[in-house]
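Before we start, here is the structure in question, set down as structure tokens.
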Protein chains: 2
Amino acid sequence: MKPGPRRSISQADIVDAAFEILEEKGFAAVSVRAVAAALGLTPTALYTYFPSKGALQAAMIEQLLAGVAEADAGSEPAEPAWRERIHAVAAALRARIAGHAGSIALLTSGPLDGERSRDVAEALIAAFAEAGLGADEAARAGHAVRAQVIGAAALDAAAAATPEQTPAPQTLWKEPSRHPRLEASAHLGLDTGEADEASRRWALDRLIDGLLASA
Amino acid sequence: MKPGPRRSISQADIVDAAFEILEEKGFAAVSVRAVAAALGLTPTALYTYFPSKGALQAAMIEQLLAGVAEADAGSEPAEPAWRERIHAVAAALRARIAGHAGSIALLTSGPLDGERSRDVAEALIAAFAEAGLGADEAARAGHAVRAQVIGAAALDAAAAATPEQTPAPQTLWKEPSRHPRLEASAHLGLDTGEADEASRRWALDRLIDGLLASA
DNA sequence: ACCTGAACACCGTTCAAGT
DNA sequence: ACCTGAACACCGTTCAAGT
């Protein structure tokens, strides 16, 4: 592929290559130079497609969030439609983040003002408004749900970055722990990123309970 | 100050200098080289105090979280003690993050397995246990509160990083917005980092409501 | 219009050497 | 023991030049 006036790749190709690096080597490895190299280009060529690294990251975020706001509730007619709708959007957001290793670092690395980000915010506010909350409370509730999902993902990422410590060698007596309750909850996997789906959903359910109770 | 076997500064001095750079120039500006320069040292000298940049950041996190777990409930005897206790710890965590610009990027940049991080987790779990939740539920509840506070701070940081857009020039007719509810809630300041204290506390209250209702 | 290559001002970290 | 200086393999971005 010789240099020339023919565009050899698309913006989408670049975003795809960037995601591949993100998922395999982490957020810090997503450099302009690495992405360019993966595509067989020089770093400077990328500046023909995106004006800055930040613009590339914004495009990545938009792709990550594409479709989240339109997430369907599926087939659980037991609950009111709006409650399933909130769950569907929140679950889709969580699933997108969980499905792309390193993506929470991407999401928290800069502004979240893209069209898709706003779609997600709007969808959540609309669902809470349907549930009977006033305009202001619905906006606050949507914000709280976004915070909960993003915060949980950030804690998961922190857990994933934690080097697993080898258990202390057996001794005859134990120092009393300063964190007995935290250690007793280790089997839940909350701080190792190994919590099951039900565990993850629980907190969101409780938040929604509390938010709806204010209606 | 000549080079020599006398230790000219302390680890605390380095952490302080790093925080100054963090708050004035942002997380990305906290480089080993910049911190060293601020102290009049060469970059390599810092490796006498900390084995890596990550170790310095871990020390920063520990200092940031120092005392949060011991936050006092203050003088609001209207509510049960444990509820005020949850609020006190959550508010202290939020206040620490809000009081140090850029600190949420620090907190989400790596593992959160320090002694002080665990103190915060333990304090929250203990408060929920006092409130009557079972061991597992208390652990999940504590985790949810940490996620809420960190997630809200992450959204605040994203808002702070968003370039404020100049309002569109007045036109005779308006395109119907795709995000009417989101835009109608702009006065709350949720997406500009300008929300007031009551607004920030509201989400946390609703979460705690929902968590306690499961007891 | 698209791309290369050189360059600038950075980065974390290692290593040999100085006092 | 503490610190410097040189070095290595990186970074984002700009700019002149090539096709």
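Quick note on labels: first sequence line is chain A, next is B, and so on, each numbered from 1.
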Determine whether Ser199(A) and Arg140(B) satisfy the following criterion, side chain to side chain donor-acceptor pair (under 3.5 Å), listing intermediate values before the conclusion. CA-CA 8 Å; Ser199(A) 222; Arg140(B) 283 197 258 251; 2.6 Å; yes

Gap between atoms CG and P, on Leu46(A) and dC3(C) respectively (whole Å): 9 Å

Taking only the side-chain heavy atoms of Ser31(A) (C-beta and beyond), determine which of dC2(C), dC11(D), dT4(C) contains the nearest atom.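 For Ser31(A), the side-chain atoms sit closest to dC11(D).
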
Shortest non-hydrogen contact from Asp191(B) toward Ala159(B):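 What the structure gives for the nearest pair is O-CB, 3.3 Å.
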
What contact category does Thr44(A) fall into here, base, sugar-phosphate, or nothing, at under 4.0 angstrom with non-hydrogen atoms?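 If one applies the 4.0 Å heavy-atom cut-off, Thr44(A) turns out to touch a base.
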
Starting at CD1 of Ile9(B) and ending at P of dC3(D), how long is that distance when rounded to a whole Å? 6 Å

Could you state the atom-to-atom distance from CG of Leu39(B) to P of dC2(D) in whole Å?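 My rounded result for the distance is 16 Å.
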
Scan every strand shown for a Watson-Crick or G-U wobble partner of dC8(C), both distances under 3.5 Å, and answer none if you come up empty.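 The base-pairing partner of dC8(C), which may sit in any strand shown, is dG12(D).
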
If you compare all heavy atoms of Ala69(B) against all heavy atoms of Ala123(B), which two are closest, and at what distance to 0.1 Å?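 Minimum heavy-atom contact is O-CB, 3.8 Å.
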
Can you tell me how far P of dT13(C) sits from CZ of Arg33(B), to the nearest Å?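 For the pair Arg33(B) CZ and dT13(C) P, the rounded distance is 11 Å.
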
From NZ of Lys53(B) across to C1' of dT13(C) the rounded distance in Å is 12 Å

Using purine N1 to pyrimidine N3 plus N6-O4 or O6-N4 for Watson-Crick, or N1-O2 and O6-N3 for G-U wobble, both under 3.5 Å, which nucleotide pairs with dC2(D)? dG18(C)

Distance check needed: dG5(C) P versus Leu41(A) CG, whole Å only.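 Atom CG in Leu41(A) sits about 12 Å away from atom P in dG5(C).
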
Before accepting this row, confirm whether a basic side-chain N of the pair Glu183(B)/Arg118(A) lies closer than 4.0 Å to the acidic partner's carboxylate O. no

If you check the Tyr47(B) side chain, which of dT13(C), dT13(D), dC3(D) turns out closest? dT13(C)

How close or far is atom C1' of dC11(D) from atom CD1 of Ile21(A), stated in whole angstroms?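 Taking atom C1' of dC11(D) as the reference, CD1 of Ile21(A) is at 14 Å.
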
Write down the distance between CG (Leu56(B)) and C1' (dT13(C)), rounded to a whole number of angstrom. 14 Å

